[in-house]
Amino acid sequence: MNARNVRVRFAPSPTGLLHVGNARTALYNWLFARRAGGSYILRIEDTDLERSEERYEDRLIEDLRWLGLDWDEGPDEPGAPASGEFGPYRQSHRQSIYAEHTERLLAEGKAYRCFCTAEELEAERNLASAEHRPHVYSGRCRHLGAAEIERNLAAGQHFAVRLKIADHPLRFHDLVRGVVEFPPEAVSDPILVRSATGASAGFPVYNYSVVIDDALMQISHVIRGDDHIANTPRQVAIYEAFGWPLPEFAHLSTILGADRERLSKRHGATSVSTFREMGYLPEALVNYLALLGWGAEDGRTEIFTLDELTSAFSLERVTPSPAIFDFDKLNWLNRHYLKLAAPPGLAELAWGYLAYHLPPRESAPEALRSWFDRLLAFFVPHVDRLDQLPAKLAFVFGFDPEASRLVDENSAVLSADSSRTVLAEFADRVRAHAGPVRPDDFKRWMNEVKAATGAKGAELFHPVRIALTGAPSGPEFDKLLPLIEDGAALGLGIPSVSERVERFVGV
RNA sequence: GGCGCUAUCGUCUAGGGGUUAGGACGUGAGAUUCUCAAUCUUAAAACCCGGGUUCGAUUCCCGGUAGCGCUACCA
């Protein structure tokens, strides 16, 4: 490790829910910090007063915690002070810091006041477009004399503060892309502070405040989305103006939807909290996001816990090319982690999805809890996410004989003569039986029905399956029957096998 | 328009001057099952195009093309 401590930050704007792309950025930052034994800092970039909302900040923090990405330094929370010595960690609380730095730049002649109006600037841009030139500021206010500046100030003219860009290429090193270089004219003199009257008044622009924050917080590695890559030369110039050392950069590729457009709401779920609501496990999302733009050194391992990722991760192995978000692969991983999930935790999660059928978990009797555990063990491996459970389990909790007769798939099976005789024979045996139906009973009856009717295989099983579950296909009876019978004893209104048969045949 | 970034199976990726170009998801087939799913086995499937360097380029260089980003007194 080099002499400089590794310090990284995740700096979201609380203007919406945490997008999976940002979650990946947060993850890579976290992994890099943990791997290096460095610090991971959370900074809230809430300078866009129009769009920033406190509730989004709360959700953000909740989502990061859910993913397991804890931070060493971050903003204060209700009732607790900020953690870390480089605060405040909200940009809205750092305005005086920015103002001081602006004074300094102005005093040192590294920045200047620009009195150009929006109209004048737009005219310049239009001209540049027409002449097929890059849109660069002419630098008109760069050489204003002191007298003229005083006059403008005295007249109360609004001004913005611009940085003087030096006449040399702006280059930086990117851990995932190598050296990136921009000619100075590609940058032009950027605005640092928005226009207003007063000494250095006005709000600093994003590109300016990030640099001040990153430098003051001693960030060693700036890991962020590649939509910032074209902003970086501007930022490099700001570091230079202050005489600050450049951090290392790492620009992560964009996450796209199946149509190769930036992943957005119309592609389906995009925010971490939506994935959580759908019943994705945090370990699945984390594992998937890690794989989206990074590959293990052996080229084949794909399943990683956060701990395993921490020791395997390196920025050098991050892919520079954009990646398409693949819901199928996420589903596969989620299934994997669902199967691995510890029963108590899983039951607690799953309970919420079936709350409609169940009493509150806290007040549920032990018999119900353990039955529910068995139910989950049996069905969870067959869903991609927890929110598919209600549909998958609908037939266990409720039973609608009339509706199931109307389903095309069912009526085709039921209309066969053999189905009628099979069901009649089956019903006779169920009626003659007292108490819950056990798998042994069921097996014996099916053999008898088979002998009595001559039906076998699907011809034999499908009608019975429809009568019991409302569908010709489904899970194995051996395990399903006890689940139904034990469930029926719980007083939740779950129909027993004999009730099902009675109601179905009676229709 | 200008500038920049990117380019290996459908998708995520490994690899790298000479390889049968590897793995995973998904897809097809088979096994299993009353059935569906799960599971196991198996198959098909890729180096964007054109030049150059080289004995030899998918790999290095240049150009093209395409996708994306930036081009704001948004973040």
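On a predicted model such as this, the values are computed, not experimentally measured, just so you know.
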With sequence neighbours excluded, what pairs up with [X] under the side-chain hydrogen bond (donor to acceptor under 3.5 Å, both in side chains) test?
X: A:S473; result: none
X: A:H101; result: none
X: A:R162; result: none

Nearest to the side chain of [X] - [options]?
X: A:I324; options: B:rU6, B:rC73, B:rC12; result: B:rC12
X: A:S195; options: B:rC73, B:rA7, B:rA75; result: B:rC73
X: A:P320; options: B:rU11, B:rA7, B:rG23; result: B:rA7
X: A:V205; options: B:rU13, B:rC73, B:rG4; result: B:rC73
X: A:S13; options: B:rA75, B:rC3, B:rG23; result: B:rA75

Hey, is A:R55 close enough to A:D58 for a salt bridge, meaning N to O under 4.0 Å?
no

Which residues pass the side chain to side chain contact (heavy atoms under 4.5 Å, CB included) test with [X], not counting sequence neighbours?
X: A:A11; answer: A:R9, A:R43, A:E45
X: A:S311; answer: A:R35
X: A:R125; answer: A:L121, A:E122, A:H135

Does [X] reach a base, just sugar-phosphate, or nothing at all? Heavy atoms under 4.0 Å.
X: A:G225; value: nothing
X: A:E45; value: sugar-phosphate
X: A:N231; value: base
X: A:H132; value: sugar-phosphate
X: A:T319; value: sugar-phosphate
X: A:L121; value: base
X: A:R224; value: nothing

Per-nucleotide protein contact string for nucleotides 26-41 of chain B (B base, S sugar-phosphate only, - none; heavy atom under 4.0 Å):
S-------BBBBSS--

Taking 4.0 Å as the cut-off, does a side-chain nitrogen or oxygen of A:R125 come that near to OP1 or OP2 on B:rA72?
yes

Interface polar pairs with nucleotides 60-69 of chain B, N/O, under 3.5 angstrom:
none

A:E485: salt bridge (Lys or Arg N to Asp or Glu O under 4.0 Å) partners, not counting sequence neighbours:
none

Short question: side chain of A:R177, backbone of A:H251 - any donor-acceptor pair under 3.5 Å?
yes

Where do N or O atoms of nucleotides 44-48 of chain B meet protein N or O atoms at under 3.5 Å, pair by pair?
none

Summary of ring pair (Phe, Tyr, Trp, His ring centres under 6.0 Å) pairs that have at least one residue in residues 282-303 of chain A, sequence neighbours excluded
A:Y288-A:F325, A:W294-A:F304, A:W294-A:F313

What heavy-atom pair brings A:T270 and A:K265 nearest, and what distance separates the two atoms?
CG2-N, 3.8 Å

Whole-Å distance separating the CZ atom of A:R162 from the C1' atom of B:rA72:
11 Å

Holding to ring pair (Phe, Tyr, Trp, His ring centres under 6.0 Å), I want the full list of residues that pass it with A:Y206, two or more places apart in sequence or in another chain.
A:H228

